[in-house]
Amino acid sequence: MFTNEYLNSLFETTKERNGSQPEYLQAVEEFFEAMSFIVENDPNIQKFGIMERIIEPERIVKFRVTWIDDQGKVNVNRGYRVQFNSAIGPYKGGLRFHPSVNESILKFLGFEQTFKNALTGLPMGGGKGGSDFNPRGKSDAEIMRFCQNFMLELYRHLGADTDVPAGDIGVGFREIGYLYGMYKKIRNESTGVLTGKGLTYGGSLGRKEATGHGLLYFVREMLKVYRNDTIEGKKVIISGSGKVGMHAALKAQEMGAKVIALSDINGFVHDDNGLDLNIVKMLTEKNPEFSTEYLQYRPSATYDSNPSNIWTVPCDIALPCATQNELPLEAAQALVENGCFLVAEGANMPTTIEATKYLQHADILFAPGKAANAGGVAVSGLEMTQNAMHIPWTYDEVDEKLQDIMAQIFNKAYTEARKYTDHRNLVVGANIAGFMRVYHAMMDQGIV
Ligand code: NDP
């Protein structure tokens with residue numbers, strides 16, 4: 001499978017031990033493929049058990065969350081925190097509230113987060129958490145009760161220098177506010193223990209836009225370096241109209257691109273002349289499922305009730321920003337057939353391994369999520385800095401730092417790609433660049 005025997009054998013053991021965790025194994029497989037380029041030349045990696053240690057979370061906390069709904073019924077959900085790797089700083093990574101959440105998904109996310117955080121250059125280890133709680137259709141009061149009960153258990157494992165969660169799917173300003181309120185009540189301390197907070201109590205300007213904006217800053221670097229081009233006039237399609245997708249769409253438009261298709265869980269809308277993002281924004285502010293209503297405002301657009309069909313829309317650039325494995329092989333084939341030349345992942349692992357390989361073989365420029373969507377956690381890191389200094393920065397200060405960080409991440413991935421393989425292979429480049437920082441920190445800190 002991999003070109004290296006040691007990695008082959010370790011992957012077999014990993015499969016035996018984690019057979020029921022497909023997403024986690026998928027993330028490890030992608031990582032090991034990149035590692036094949038370096039393990040042979042560095043015997044210390046094997047001697048010091050670096051791979052064995054780096055793929056195993058330092059700690060997984062799993063707990064019951066009991067809460068009462070508006071009808072007085074008692075509900076039980078599962079809560080988790082995967083504290084993956086603290087070699088370069090406190091565990092850092094979002095909380096996801098979605099019915100699909102399980103240990104496999106959180107382990108894959110925590111694993112990827114470790115290298116993503118390393119790429120930002122900031123002192124943040126990797127972690128991820130969440131619950132199989134479904135926020136959809138719940139009242140504000142139910143969301144608040146759930147968040148409070150979730151924090152009632154999680155607080156023991158957090159701390160501004162220990163573990164600092166943020167948002168992810170299903171967790172935004174509202175949920176972070178309720179979580180933070182409960183943490184503060186229990187601990188009686190105001191610290192930067194969560195990021196993505198509201199602006200009135202320690203949040204950072206630019207955090208809510210950061211992942212989407214960072215993605216476009218990364219795409220800007222790719223276009224500049226690989227094509228001596230800009231995004232101006234390019235046709236862009238984006239999946240997912242949540243926090244990442246919506247801000248990516250707005251930034252793409254601001255940079256002169258035309259966003260021609262956007263999806264949500266119910267389908268997607270397409271208008272070759274460009275979608276009216278003011279209408280989309282107005283609709284998504286009320287309800288993330290905007291697509292069924294959009295045509296009432298802009299009848300020139302078309303609607304398709306299958307969100308996966310968005311990948312068949314002819315475009316220049318595709319930005320998957322919804323969820324893992326949403327872009328399978330057939331979608332990649334359709335993109336290539338219809339002229340797409342760049343795919344950059346706003347979501348975490350939205351492209352399957354087969355689809356990624358297909359795109360790379362077809363010479364499509366491809367940016368992996370652990371590099372391209374690192375803007376969110378980068379600004380979370382900046383929020384931690386502002387909290388520690390007790391001084392907020394302006395939007396422009398944060399945005400300038402974000403642009404700089406995204407350009408640096410691109411450069412690190414590009415440099416490693418060029419050193420070890422094809423200069424266009426940012427998957428290998430990003431994995432190696434992220435790994436190197438964590439590896440050296442682990443070596444310096446002994447066998448722990
Ligand atoms: P949100 O919950 O805000 O948005 C995701 C949206 O996509 C939801 O409305 C969801 O609907 C919808 N969706 C799910 N599956 C599909 C699909 N197949 N096609 C179209 N839409 C779909 O989440 P975020 O925007 O925060 O996160 C999106 C992705 O980006 C995730 O992979 C996340 O891990 C990643 N990410 C997020 C960061 C952040 O700062 N928020 C940082 C870095 C990465 P429904 O709720 O019905 O499932």
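Small disclaimer: the values here were computed from a predicted structure and weren't measured. We count ligands from 1, going down the list as the structure has it; atoms in each ligand are counted the same way.
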Strictly by modelled atom types, are [X] and [Y] linked by a side-chain donor-acceptor pair under 3.5 Å?
X      : Y      : value
Thr394 : Glu397 : yes
Asn325 : Gln26  : yes
Ser291 : Asp264 : yes
Asn373 : Glu345 : no
His270 : Asp272 : yes
Lys197 : Asn387 : yes

Among Asp70, Thr66, Asn75, exactly one meets side-chain hydrogen bond (donor to acceptor under 3.5 Å, both in side chains) together with Arg145. Which residue is that?
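It is Asp70; the other options fail the test.
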
Please compare Gly242, Gly196, Ser380, Gly375 and report which has the shortest non-hydrogen distance to atom 6 (C) of ligand 1.
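The option holding the nearest heavy atom is Gly242.
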
Element-labelled atoms of ligand 1 that are located less than 4.0 Å from some non-hydrogen atom of [X]:
X      : answer
Cys321 : 28 (C), 29 (C)
Asp168 : 26 (O), 33 (C), 34 (O), 36 (N), 37 (C)
Pro307 : 19 (N)
His98  : 48 (O)
Arg207 : 40 (O)
Asn348 : 32 (O), 33 (C), 34 (O), 35 (C), 36 (N), 44 (C)

Identity and separation of the nearest protein heavy atom to [atom]:
atom                    : value
atom 21 (N) of ligand 1 : Asp264 C, 3.4 Å
atom 37 (C) of ligand 1 : Val244 CG2, 3.4 Å
atom 1 (P) of ligand 1  : Lys243 NZ, 3.8 Å
atom 27 (O) of ligand 1 : Ile169 CG1, 3.7 Å
atom 10 (C) of ligand 1 : Ile265 CB, 4.8 Å
atom 18 (N) of ligand 1 : Glu326 CB, 4.3 Å
atom 47 (O) of ligand 1 : Arg136 NH2, 2.0 Å

Measure the acute angle between the ring planes of [X] and [Y], then classify it against the limits of 30° and 60° as parallel, tilted or perpendicular.
X      : Y      : answer
Phe97  : Phe150 : perpendicular
Phe31  : Phe115 : parallel
Phe84  : Phe111 : tilted
Tyr294 : Phe290 : perpendicular

Below 4.0 Å, non-hydrogen atoms only: which portion of [X] touches ligand 1? Side chain, backbone, both or neither.
X      : result
Ala322 : both
Ala166 : neither
Lys208 : neither

Would you say Gly170 touches ligand 1, if touching means a heavy atom closer than 4.0 Å?
yes

Around atom [atom1] of [X], are there more than 12 heavy atoms of other residues, nucleotides or ligands at under 6.0 Å?
X      : atom1 : answer
Arg78  : CZ    : no
Asp161 : CG    : no
Lys184 : NZ    : no

May I ask you to check whether [X] has an N/O atom sitting below 3.5 Å from an N/O atom of ligand 1?
X      : answer
Thr211 : yes
Gly245 : no
Asn373 : no
Arg96  : yes
Lys128 : no

Met182 side chain near Asn149 side chain, heavy-atom distance below 4.5 Å:
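No. Closest side-chain heavy atoms not under 4.5 Å.
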
Is_contact(atom 35 (C) of ligand 1), protein non-hydrogen, under 4.0 Å
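Yes, there is a protein heavy atom closer to it than 4.0 Å.
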
Counting only non-hydrogen atoms of the protein, does one fall under 4.0 Å from atom 8 (C) of ligand 1?
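Within 4.0 Å: no protein heavy atom nearby.
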
